[in-house]
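Just below is one structure, and these are the notes that go with it.
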Amino acid sequence: MNITAKIRARRAEARTRRAVNRAIENAATPAMRHELIIIAQQQNANLR
């Protein structure tokens, strides 16, 4: 993977992380917030 691709991948991960954090902050209920956190953790585990 070249440097440009690494930078793009890193920026994409950062955008996704910000979007997930925004969704968690704006969740309508604590249950929805909890579900979003669980999904985000599962997604993160699959990336590694």
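Starting from 1, each residue takes its place in the sequence as its number.
- Nearest approach of R33 to E25, heavy atoms of both residues: NH2-O, 4.3 Å.
- V20 belongs to a hydrophobic cluster with I24, M32, L36, I37, counting contacts under 4.5 Å between side-chain heavy atoms of Ile, Leu, Val, Met, Phe, Trp and Tyr, direct or through other members.
- Remark: R10 pairs with no residue by the side chain to side chain contact (heavy atoms under 4.5 Å, CB included) rule, at least two apart or across chains.
- A28 pairs by the side chain to side chain contact (heavy atoms under 4.5 Å, CB included) definition with nothing, not counting sequence neighbours.
- The OG1 atom of T29 sits 11.0 Å away from the NE2 atom of H34 when rounded to the nearest 0.5 Å.
- Interatomic distance, CZ of R22 versus CZ of R18, reported as 7.5 Å (0.5 Å rounding).
- Here CZ of R17 is found 8.0 Å from CG of N21. Values are rounded to the nearest 0.5 Å.
- With sequence neighbours excluded, the residues forming a side chain to side chain contact (heavy atoms under 4.5 Å, CB included) with N2 are T4, A5, listed by chain and number.
- Other residues sharing the hydrophobic cluster of I7, ordered by chain and number and joined by side-chain separations under 4.5 Å: I3.
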